[in-house]
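Numbers here are sequence positions counted from 1. These numbers come from a predicted model, not from an experiment.
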Amino acid sequence: DLLDVSGSEVSYNIITLNNPTDSTNVFWDSELSDISDLIFSHNIVSGSSGSEVAFLNDAWGLGDPDTTTEFVTISENTFSNWGSKALRIDEGVTEVEINNNVFEMTSDTTEVIGGTGTGDATGTGNTFNVNSPAKIQKAIDATFAGDTINVAAGTYTEDLWIEGKDNLELSGAEGAIIKGTTLVDDSLGYYADGPNIMILSEGVKIHGFTIESKNSEVGKHPVGIVLNSNDVEIYNNQFNVAVGDLSLDYAVAIVSYCDNSICSTPVSSDISGLNIHNNDFTSLSGTGNYQAIYLNPDTGTDLVTIKDNTFGGSLARAIANERSNVLIQGNDVSTTLDSSNTFQGISAKNWWIQSISDIDITGNSVDGFGKGIRIGPDTSDIIVKSNSLTNNIIAVSNENSGQLDAERNYWGSVAPDFGSIVSGDVDFIPWCADESCETLFGGVTISVSDDFTLGGNEPFSPALGDSLFRNSVAY
């Protein structure tokens with residue numbers, strides 16, 4: 001107990017309480033006078049029935065209730081096996097810095113860092129090691145900007161809310177499962193505030209988890225992650241999305257926030273810098289379907305990247321994009337549904353009124369959809385190149401008035417029937433002979449009004465889109 005002691009330091013100790021009762025390992029208290037310049041660093045602290053380390057102002061009511069405690073440094077300590085809290089910071093304790101500490105969370109305690117004065121504390125570089133039955137959300141609540149949460153293997157049945165925690169990193173060990181608990185009413189579509197994980201902080205990273213939704217119920221569906229913040233990175237996760245028993249389901253793995261149920265006025269949403277890469281998406285049991293990623297309109301202008309993900313299961317649509325400046329690259333998209341029961345593998349400008357531009361859809365594999373790639377109206381500067389488009393009813397549909405640049409794609413065969421697999425004004429010449437695209441076809445330019453002779457055959461008048469061959473080599 002350090003009462004009314006300014007300039008005090010507790011460092012480089014191992015402080016353990018065995019079988020603690022009504023106990024705290026270390027506490028400071030300003031009973032009779034103001035205290036300041038307190039240091040607690042490089043300690044290993046374990047065991048308490050209450051708080052392990054506490055900073056108080058006249059805890060017993062014996063002195064001046066107006067005394068203060070200020071300039072407190074808590075750094076490079078390891079806390080474990082606490083009772084109610086690892087750290088307690090009471091009201092009136094100010095200028096507190098909590099940096100580079102390790103908190104070993106092994107039980108579902110009340111708090112990690114608590115007390116009436118924690119709102120004034122600052123910190124960074126802390127690590128929270130979460131082991132079930134400890135809760136991830138309680139670690140999130142205790143973090144500061146730039147902290148890390150490491151989650152051990154186990155199933156964590158909880159929803160997560162991340163707000164005011166910029167640059168937080170959540171890292172899952174192999175076998176770490178986040179199992180959501182909330183479902184959204186079907187009348188609210190994809191856009192409600194009821195996700196399993198809400199991200200409202202900038203620079204958040206989530207990786208290494210299996211993220212699994214609660215099973216659908218009649219009239220309700222799961223929403224995995226909703227986000228409205230800049231520079232979020234979601235990578236190396238396995239998304240398992242529960243689907244219901246409807247032919248049209250609202251289940252979705254990742255969706256960006258919009259301001260109202262019809263997303264017609266994206267006043268405050270901004271997901272600039274979002275990077276979703278190297279994740280696997282699939283469905284759990286059920287006869288319905290799901291959508292993987294839905295990017296609603298937003299006010300942001302910086303690049304969003306969706307790259308090198310794998311999508312499968314009963315997938316109705318892998319990626320729907322309603323914003324400008326997006327790179328969709330290197331994704332493997334397939335479905336177990338009959339193609340007639342799907343939407344699109346990838347779509348740009350699906351529903352909303354805002355025009356969008358600068359969308360690159362390159363190097364993806366899209367197989368088995370009603371429409372492999374759909375480009376909606378009021379779009380510009382869209383490129384669809386170097387994709388493999390196989391077993392889709394319509395490989396590419398362009399509903400915009402301008403011509404779509406869709407050169408150098410593989411369309412499923414050496415001689416595609418472009419008249420049936422392309423819809424709208426699409427420039428598909430040249431095209432690739434196979435998925436490697438080492439050989440291009442369609443390099444000869446002719447006038448559609450000219451008669452044309454190949455290898456001594458009878459002349460004919462080609463129409464736009466005809467495939468021309470000579471000695472089995474397409475031109």
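Using modelled atom types and a 3.5 Å distance limit, the side chains of E322 and Y294 yield a donor-acceptor pair. T94 and D120 share no side-chain donor-acceptor pair at under 3.5 Å. No hydrogens or angles considered: a donor-acceptor pair under 3.5 Å links the side chains of N279 and N237. A side-chain donor from one of S340 and D338 sits under 3.5 Å from a side-chain acceptor of the other. If you check the side chains of N364 and N331, you find a donor sitting under 3.5 Å from an acceptor. Using a 3.5 Å distance cut-off with no hydrogens or angles, the side chains of E233 and H207 do not pair a donor with an acceptor. In this model, no donor atom of one side chain and acceptor atom of the other lie less than 3.5 Å apart for N100 and E76.
Exactly one of V304, I271, L274, N228 qualifies for a side chain to side chain contact (heavy atoms under 4.5 Å, CB included) with D298. That residue is I271. Screening T118, I74, N101 against L87 for a side chain to side chain contact (heavy atoms under 4.5 Å, CB included) leaves a single residue, I74.
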Without placing hydrogens or testing angles, list every side-chain donor-acceptor pair under 3.5 Å for residues 127-135, not counting sequence neighbours.
{"unit_1": "N129", "atom_1": "OD1", "unit_2": "N150", "atom_2": "ND2", "d": "3.1"}
{"unit_1": "N129", "atom_1": "ND2", "unit_2": "E104", "atom_2": "OE1", "d": "3.4"}
{"unit_1": "N129", "atom_1": "ND2", "unit_2": "E104", "atom_2": "OE2", "d": "3.1"}

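Between T362 and L327, some side-chain heavy-atom pair lies under the 4.5 Å cut-off.
For E399 and K371, the salt-bridge test passes: some basic side-chain N is under 4.0 Å from an acidic carboxylate O.
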(request) Output, in order, the C-alpha distance, side-chain angles, deciding distance and verdict of salt bridge (charged side-chain N to carboxylate O under 4.0 Å, His left out) for K165 and D141. (result) CA-CA 9 Å; K165 309 291 183 180; D141 293 342; over 6 Å; no
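Sorted by first then second residue, the disulfide (SG to SG under 2.5 Å) pairs that include residues 382-439, not counting sequence neighbours, are C432-C437.
Between E407 and I429, the shortest heavy-atom distance links the atoms CG-O, 3.2 Å. Annotation for N409 and V384: closest pair ND2-O, 2.8 Å, computed over non-hydrogen atoms.
For W411 and F418, the distance between ring centers is under 6.0 angstrom.
Qualifying side-chain contact (heavy atoms from CB on, under 4.5 Å) partners for S75, counting only residues two or more places apart in sequence or in other chains: S41, T73.
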